[in-house]
Amino acid sequence: MARAWHIANGHLATGEKDGGHVVILLRLEEAQVRALSHTQREVLDQLEHAAMPFLERTSTGAAGLVVTPSGRRRFGFILNLDELVLIDDGDVCAIALGRAVEDRARVEGPAGAFCVLLRELLRDHPVRISRMHEDFELMEQRVLEGRERPDRRKMMADSRRMLGLDTFYQGMSDLVAELAEDDSGLVAPADRVRLRSLERLLGRLATRLESLQDYSLQVHSLYQESIDVRQNNVMQWLTVVTTIVMPLTFVTGWYGMNFPHMALFDVPWGYAAAIMVCVVIVVVEVAFFWHRGWLSFVEWRHDDGSRSDQRAGRISRRRCRKGGEQRG
């Protein structure tokens, strides 16, 4: 069943007033039985598979789709001089407009109601981006301290969410900019000011998201570097052990040959001499490796190293934030 909203004292209110309304919410099957233009029907035909928000001009106004960042929820809209028609089989529009009524949002007309709806959709986005930033900071801290491996699935989930947000902000920015530049009388001057403010908000969110994407790449790179360090440590240990054992294997293999007249076979101190030779070989090799620094391994849990890495991480985050502010 269709739901309606009207304007009361400059604010959005639920229901109709004197049989009139400024916003009407319909199901897809209800919208399809209305008298729609060719462009409007083409827009609605894309409701099930659209990937990003967009707007198309019509003879009487505008029509388009809004796709949520997750890509799983979509709703269509038809904006005219007299009303805003929303087509939503879910509850996205109803919840957003309900919050707008509670907040007593200022509305001048259908375009203003649409601006309020879009702003309500963006209400929790600054907090969402901040939480993702905190997630990456925690992952970076865990990698630097080496306490445990970060949750790889969470890292990839945050990366996918950022891609969805990037697509969402791009489409919404184009959509809002198109309405804000309207000169046909579809958008009232006061609503045009609100649309420009919404456009700036989208720009700030896109800038923060870009900064967060750069930071996430640094965390992924740091995580991969920690894996490489562990692998290099393992290979270095294996190389040192193999090098130490190689001469001992040669000695045991040499004296394992079954020739009757080999040196030290017939003397009582031959076995002890072979042991001493092996011990001397091991000591000389370890001393040589230590002198060359080949027994020094990179440890992510070392206090000095972790502190320096943390400082580097904090510096990288400051640079990332500073770059985002400059771009904004």
Side-chain angles (χ1 to χ4, degrees), residues 1-5 12 14 21-101 107 109-125 128 160-182 184 186-187 191 195 198-199 202 205-206:
M1 182 179 294
R3 299 179 59 181
W5 288 261
L12 195 64
T14 305
H21 59 267
V22 68
V23 181
I24 184 170
L25 176 61
L26 304 174
R27 298 286 182 179
L28 180 59
E29 58 271 15
E30 295 173 335
Q32 289 175 338
V33 299
R34 293 169 63 99
L36 301 177
S37 67
H38 177 69
T39 302
Q40 292 171 346
R41 290 194 177 277
E42 282 187 339
V43 169
L44 293 184
D45 288 341
Q46 302 180 53
L47 187 58
E48 295 182 358
H49 54 79
M52 65 183 301
F54 70 91
L55 177 143
E56 295 287 346
R57 288 288 182 177
T58 65
S59 58
T60 58
L65 300 177
V66 175
V67 184
T68 60
S70 64
R72 292 190 293 268
R73 293 186 177 183
R74 306 172 180 83
F75 66 87
F77 64 89
I78 299 174
L79 180 62
N80 299 319
L81 288 173
D82 300 326
E83 68 174 359
L84 169 65
V85 180
L86 300 174
I87 302 96
D88 184 12
D89 288 335
D91 55 358
V92 176
C93 295
I95 293 175
L97 290 174
R99 291 200 300 258
V101 172
V107 175
F114 184 59
C115 178
V116 167
L117 171 63
L118 297 183
R119 185 174 286 275
E120 288 295 333
L121 294 179
L122 297 171
R123 170 185 284 193
D124 64 336
H125 281 229
R128 187 183 305 184
R160 286 192 295 270
R161 279 195 289 268
M162 286 190 293
L163 289 175
L165 287 172
D166 184 55
T167 302
F168 177 72
Y169 292 151
Q170 289 183 23
M172 290 284 285
S173 296
D174 294 340
L175 187 154
V176 172
E178 182 73 17
L179 284 178
E181 296 172 359
D182 177 79
S184 63
L186 180 65
V187 182
D191 291 335
L195 286 169
L198 180 59
E199 184 180 3
L202 286 166
L205 290 173

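The figures here come from the full heavy-atom set of this structure, side chains too, leaving out hydrogens, waters and symmetry mates.
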Once salt bridge (charged side-chain N to carboxylate O under 4.0 Å, His left out) is applied, do any residues pair with Arg41, and if so which ones, sequence neighbours excluded?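 So Arg41 forms no salt bridge (charged side-chain N to carboxylate O under 4.0 Å, His left out) with any residue.
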Residues at least two apart in sequence or cross-chain that pass salt bridge (charged side-chain N to carboxylate O under 4.0 Å, His left out) with Glu120, listed by chain then number, are Arg99, Arg123
State, with a plain yes or no, whether a side-chain heavy atom of [X] is found less than 4.5 Å away from one of [Y].
X      : Y      : answer
Ile24  : Leu86  : no
Phe168 : Leu122 : yes
Thr58  : Ile78  : no
Leu117 : Phe77  : no
Leu55  : Leu79  : no

Applying side-chain contact (heavy atoms from CB on, under 4.5 Å), run through Val85 and Arg34 and close with a yes or a no. CA-CA 11 Å; Val85 180; Arg34 293 169 63 99; 3.8 Å; yes
Give me the atom names and distance for the closest heavy-atom approach of [X] to [Y].
X      : Y      : result
Gly112 : Asp191 : N-OD2, 3.1 Å
Pro110 : Val22  : N-CG2, 3.5 Å
Ala113 : Val23  : CB-CG2, 3.5 Å
Ala31  : Leu44  : CB-CD1, 4.3 Å
Ala111 : Val187 : CB-CG2, 3.8 Å
Leu65  : Val43  : CD1-O, 3.7 Å

For the residue pair Thr39 and Ser37, confirm or rule out a side-chain donor-acceptor distance under 3.5 Å.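 No donor-acceptor contact under 3.5 Å links the two side chains.
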I'd like to check the side chain to side chain contact (heavy atoms under 4.5 Å, CB included) partners of Val67; sequence neighbours left out, ordered by chain and number.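 For Val67, the residues satisfying side chain to side chain contact (heavy atoms under 4.5 Å, CB included) (neighbours in sequence not counted) are Ala50, Pro53, Arg74.
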Under the side chain to side chain contact (heavy atoms under 4.5 Å, CB included) rule, collect the residues that match up with Val176, sequence neighbours excluded.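 Here the qualifying residues are Leu118, Leu195, Leu198, Glu199, Leu202.
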Given side-chain contact (heavy atoms from CB on, under 4.5 Å), test Val66 with Val92 step by step and report yes or no. CA-CA 10 Å; Val66 175; Val92 176; over 6 Å; no
Does atom CD of Glu48 have more than 12 heavy-atom neighbours from other groups under 6.0 Å away?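 It does not: Glu48 CD has 12 such atoms or fewer within range.
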More than 12 foreign heavy atoms under 6.0 Å from NE2 of His38: is that the case here?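 For His38, atom NE2 is not crowded (no more than 12 foreign heavy atoms under 6.0 Å).
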Any pair with a residue in residues 165-181 that passes salt bridge (Lys or Arg N to Asp or Glu O under 4.0 Å), sequence neighbours left out, goes on the list, sorted by first then second residue, please. Arg57-Glu178
Gap between atom NE2 of His21 and atom CG of Asp82 - 0.5 Å precision: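 Answer rounded to 0.5 Å: 9.0 Å.
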Hey, could you give me the CG/SG distance between Leu121 and Cys93, rounded to the nearest 0.5 Å? 7.0 Å
Test side-chain contact (heavy atoms from CB on, under 4.5 Å) on Leu97 and Arg3; report intermediate values, then the result. CA-CA 11 Å; Leu97 290 174; Arg3 299 179 59 181; over 6 Å; no
Under 3.5 Å donor-acceptor, Asp182 side chain and Ser184 backbone: yes
Give me each pair satisfying side chain to side chain donor-acceptor pair (under 3.5 Å) with a member in residues 84-95, each pair once, sequence neighbours excluded. Arg73-Asp91
When you look at Trp5 and Val116, which way does the side-chain contact (heavy atoms from CB on, under 4.5 Å) test go after all the steps? CA-CA 13 Å; Trp5 288 261; Val116 167; over 6 Å; no
